[in-house]
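Read through the structure below, which is laid out as C-alpha cells, and then see the notes.
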Amino acid sequence: MKQGVNFLKGWILAAALCAAGPAARGDMLYYLPFEDGAGNSSLTNAGTLGGVATEKLFNGAPAGSYITNTPPGIASEQARYMEASAGNRGAMYWLPDSSNRLTLSSGTAEMTVTAWVRWDGDKVPDVSRDVKCGIAGNWMGTKGGWAFGISTDGKLGFIGDNNTATRPQSEERISYGGWTHVALVLDQNINGLGRYTFYINGEDAGNTASWDSPVTDWPQAVWVGSCFSTSGWPLNGALDDVRLYDEALTEAEIQAMVPARTMPEPLYVLSFENAAGSGSLTNSGTLGGTAVEDATGVGLTPGTYTNDVVDGLGTTLARAVPTSVNDGPFYILPDSTNRLTLNLAADQRQMTIAAWVKWYGKVNTYAGSMENGIAGNWSPDGWSFGLWDNGKPALIADNDAGIGTFLPYATNGIPVGVWTHVAVTIELGYTGVADYVTFYINGVEKPNAGAALDNVNNPGGHIWVGTTFGAGTRPFNGILDEVRLYDRVLTPNELNTLLNRGLKYYFPFEDAAGNGSLTNAAMPGGTAVETLFDPSLTPGSYSSDVPSRLPSRRSLDLPMTFFTGQNRGPFYTVPDSAWRLLLTGEYGHTNLTVSAYVKWDGSPTTEKFQMHSGIAGGWVNNDGTVSGWCFGLTTNGWPMLWRDSKLNYTLNPYTSQAVVPIGRWTHVGVTVDLGTAGSEQVRFYMNGRPYANEGTALGAANERAADFWFGSAFNSGGRPLNGSLDELRLYDKVLSDAEMAELYPMKGSMILLR
C-alpha cells in the first residue's frame with residue numbers, strides 16, 4: 001500500500017475537498033480541479049508531483065476557456081472547456097514532470113484515470129476512429145503510448161499500441177450535454193495480462209474486448225483533453241476534477257468520488273388531481289403553477305376527469321382528451337415559454353418526456369404521420385412528441401436551418417385501449433454532431449427507427465400537453481395520466497421507477513422504527529400470520545443479520561426441523577391474498593414477479609430436481625389433488641418454479657446457471673408471463689442478472705381461491721426455506737431486467753420499486 005496523498009499547500013487541501021467522498025488510496029500523481037482554494041481558475045496540479053499543466057495548441061486549435069458550469073454535488077467553481085475545430089484540432093494540457101510516468105510499459109504497471117466530463121459529442125463523427133474524443137493519454141501512434149477517451153457513439157475506450165486492432169470499449173455510453181463521472185482502472189497484475197474496468201457514474205460500464213500488456217515504452221509527456229498529440233482527437237467538451245493515479249483503485253474508491261444519485265426532479269408533472277384526490281390541473285413539478293385548458297376551437301368538447309387510472313400507480317384521476325376529427329382540447333403548461341426549447345444557444349440540450357397513456361386509436365384523416373399528440377411546442381417550428389396513426393411513439397422537430405422536419409419514431413407501436421407507459425429521451429448535439437433520440441414503451445428501450453435529428457429551430461413558444469400542434473389540432477384521443485417533462489435525460493432505470501405499479505405485497509420484516517414486523521408495506525396492507533404445521537416446530541425469529549447496502553434493519557430467520565421423512569418449518573399466510581396472483585390465465589391473472597433476498601442454509605436432502613427450500617407460493621391440496629404455484633430452490637440451489645396444470649401434473653421451469661450459495665445473502669427472483677398458448681415466458685434472476693428457463697414450459701393452471709404464503713413451498717408445512725428471508729416483494733406484473741437489477745443495489749444507489 002502506498003502513502004496517502006501529500007497535499008502541497010493549504011489551498012491544495014481546499015481544492016481536494018472538491019471531490020465527493022473520502023480520498024482514495026495510492027499516489028494521486030495528478031489532480032486538476034482547474035481552480036485554486038479561493039475558486040480562481042488555475043492549471044496547477046494539486047497531486048503529489050505538483051507543478052503546473054501547460055496548454056498545448058496544434059495547427060490552429062482554439063484555446064480552452066474556464067467555465068462556471070460545473071458538476072453537480074461537488075464543491076467546484078471552475079471547469080475547463082475545450083472545443084474541437086477543423087475536424088481534429090483542440091486544446092490539450094501537458095502534465096508537469098510526466099515524461100516516463102504512467103507509461104504502462106511494465107508488466108506490473110497499474111493506473112487509474114478519473115474525470116468529470118461534459119461531452120458535446122464528436123465534432124466530426126467518424127466511425128473508423130473508435131476512440132476519438134480524448135480524456136487523457138500519451139499516444140504517439142506506432143511509436144507507443146496509450147489513450148483513454150470516448151468513441152463516436154459515446155462509449156468509453158482505451159488504446160494501447162500493442163493491440164491497436166482490438167480496442168476495448170465500454171458497453172454503456174455517456175450522454176451529451178450533461179456532467180458524467182468517468183473512470184478507467186487498469187491492473188496488469190492479472191496473469192501477466194491487463195485487466196481494465198470502465199466506470200460511468202461509479203458503476204461498472206462493461207467492456208467489449210481483451211487487452212494484452214504492456215505497451216511500448218515511449219518517454220512522452222502525459223496530457224489531458226486529447227487522445228493524440230499533434231493531430232488532435234480532442235474531447236470537444238468540458239473537464240473537471242481530473243485525477244491520475246499510479247495504482248488500480250477499487251470499485252468502492254471510484255464510487256466514493258460520485259455523489260449519491262437521486263431521482264431527478266421534473267419541471268412539470270400533471271397528475272390531474274390534487275392531494276385530496278380532486279381533479280386539478282396543478283403542476284406538481286419544480287416550477288409549480290397551473291396548466292390552462294384551451295378548448296376554444298369550433299365545436300370542441302373540454303376534457304374530463306376520469307377514475308379510469310393505471311392499476312397500482314396510486315392515482316385516483318386521469319384526464320380524458322376527447323376529439324372532434326382533427327381537433328381537441330390541450331393544456332398550456334405554466335411558465336413554459338422559452339423552456340425545453342432544445343436550443344443550442346440557450347444550452348438546452350437534454351429532455352425527457354414520459355406519460356401513462358390509454359390510446360383509443362386513430363380518428364384523424366392524415367395517414368402515415370403523427371396524429372396523437374402528447375406534448376409539444378410546435379407553432380410552426382419546434383418539437384412535438386406523440387403517436388403515429390399506427391401507435392408508434394414518434395417525435396417531430398424542425399431543424400435549425402429551416403429546411404424541413406425530421407421524424408424519429410420507435411420500432412414498435414402500442415395497443416389500443418390499454419394503459420401503456422411511453423417515454424422519449426433527447427440528447428442534442430452541436431452542428432455536425434449526431435443527436436440521440438431513444439423511445440421507451442413500458443420501460444423497454446425502443447431505438448429510433450426513423451430519421452436522425454439535426455438540431456431544432458424553436459420559436460420559444462409555450463409548451464402544451466394533449467396535442468401535437470398548437471391551435472388544438474391532432475389531439476391525443478384517449479386518456480393521459482402522470483405526464484412528466486424533465487430538462488435532462490433519464491436513465492433506463494430512472495424511467496423504470498415511473499412504472500412502479502403492480503406491487504401487491506412487500507415484506508421488509510420491520511416497521512418504521514426498525515422493530516420486527518410481519519406487516520405488508522404495500523397495498524392492500526394487512527399482516528401475515530405465522531403457521532406451525534406441527535407443534536414441535538420452532539417459530540421464526542427476527543434477526544439483525546441483513547443484506548449489505550440495503551436500508552434494512554431486520555430479516556426473518558426460518559428454522560427447520562427434519563423428521564418423518566420431510567423437512568418442516570414455519571410459513572406465513574399473506575393477508576387478503578385469496579384470488580390474487582393465481583397464474584390461471586383467466587380473469588387477468590397472467591403475470592407474476594417474486595423478488596427476495598435469501599440467506600440459504602442448504603437442503604438436508606439429496607433428492608435432485610425437487611424443491612425443498614420454498615420462498616413463496618400458492619400451492620394447495622384439494623380433494624387429493626394439488627394446484628397452484630410455488631417458487632424456491634432445489635436441493636442443489638437452483639431457482640425453480642413449480643406449477644400445477646389443469647391436467648393435474650406439475651411443470652418445473654428452472655435454471656442451472658444461477659446456483660445460490662450456502663450461507664451468503666443472495667438476491668433471487670422470477671418473472672412469469674403466461675402470454676398466449678406457446679408464448680409463455682419464465683425468467684429467473686440472481687443478484688440482478690437474468691437467466692433463461694431451462695425446464696418445461698408452462699400451461700394454464702387450476703385456480704384455487706386460497707391465500708398464498710411465504711417461507712415454504714407447500715401449505716402443509718413442508719419444504720421451508722431453511723435460512724433467512726428479507727425484502728420479499730410480489731407483483732402482479734412482469735418487472736423488466738432493469739427493474740430487477742435495481743432491486744439488487746450492489747452498484748450505485750437503489751431506487752426502491754414500490
Side-chain angles (χ1 to χ4, degrees), residues 263 266 268-285 290-291 293 301-323 328-331 333 352-361 372-375 385-387 391 393 414-423 440-444 464-467 475-485 495-506 520-525 576 579-581 587-591 593 729-736 739 752-754:
M263 185 67 180
Y268 298 97
V269 180
L270 290 186
S271 299
F272 301 108
E273 63 192 81
N274 56 24
S278 301
S280 172
L281 294 179
T282 298
N283 168 38
S284 57
T290 302
E293 182 176 64
T301 303
T304 57
Y305 296 107
T306 173
N307 58 10
D308 182 354
V309 295
V310 183
D311 178 43
L313 190 62
T315 62
T316 58
L317 291 173
R319 191 71 171 175
V321 183
T323 65
F330 59 96
Y331 303 87
L333 298 181
T352 296
I353 308 169
W356 281 100
V357 301
K358 192 171 188 178
W359 180 49
Y360 289 157
N372 303 274
I374 296 171
F385 172 56
L387 304 177
I414 70 170
V416 174
V418 177
W419 277 110
T420 306
H421 192 264
V422 296
Y440 295 84
I441 297 177
N442 285 334
V444 179
W464 56 76
V465 166
T467 189
F476 174 66
N477 187 35
I479 308 176
L480 296 173
D481 204 1
E482 291 294 313
V483 183
R484 296 169 177 258
L485 291 91
L495 280 168
N496 266 290
T497 65
L498 305 180
L499 278 73
N500 292 343
R501 58 189 174 104
L503 178 60
K504 298 302 182 184
Y505 303 96
Y506 170 41
N520 171 30
M523 295 298 290
D576 190 26
W579 293 104
R580 296 182 185 269
L581 305 178
Y587 312 111
H589 298 305
T590 60
N591 295 332
T593 295
R729 291 175 167 87
L730 295 103
Y731 299 76
D732 64 357
K733 63 164 282 188
V734 173
L735 265 61
S736 67
E739 288 175 308
L752 289 179
L753 298 174
R754 298 189 179 183

Side-chain heavy atoms of [X] within contact of [Y], under 4.5 Å:
X      : Y      : value
Leu333 : Leu485 : yes
Trp356 : Ile479 : no
Leu498 : Glu482 : no
Val422 : Tyr440 : no

Would you compute the distance between atom [atom1] of [X] and atom [atom2] of [Y] and round it to the nearest 0.5 angstrom?
X      : Y      : atom1 : atom2 : result
Leu387 : Ile374 : CG    : CD1   : 4.5 Å
Phe385 : Thr352 : CZ    : OG1   : 10.5 Å
Leu281 : Glu293 : CG    : CD    : 7.0 Å
Glu273 : Asp481 : CD    : CG    : 6.5 Å

Using side chain to side chain contact (heavy atoms under 4.5 Å, CB included), reason through Ile353 and Tyr268 one step at a time and then give a plain yes or no. CA-CA 10 Å; Ile353 308 169; Tyr268 298 97; over 6 Å; no
Could you walk me through whether Asn372 and Val357 satisfy the side chain to side chain contact (heavy atoms under 4.5 Å, CB included) test, starting with their C-alpha distance in whole Å, then the side-chain angles of each, then the deciding distance to 0.1 Å, before giving a yes or no? CA-CA 11 Å; Asn372 303 274; Val357 301; over 6 Å; no
So, does [X] use its side chain to make a donor-acceptor pair with the main chain of [Y] at under 3.5 Å?
X      : Y      : value
Asn283 : Val269 : yes
Asn477 : Gly361 : yes
Arg319 : Gly303 : yes

Grab the two heavy atoms, one from [X] and one from [Y], that are nearest each other, plus how far apart they are.
X      : Y      : answer
Ala318 : Trp419 : CB-CH2, 4.1 Å
Ala320 : Thr306 : N-CG2, 4.3 Å
Trp464 : Phe330 : CB-CD1, 3.6 Å
Lys358 : Gly417 : CE-O, 3.2 Å
Gly279 : Leu317 : N-CD1, 3.2 Å
Ser280 : Thr282 : OG-OG1, 2.9 Å

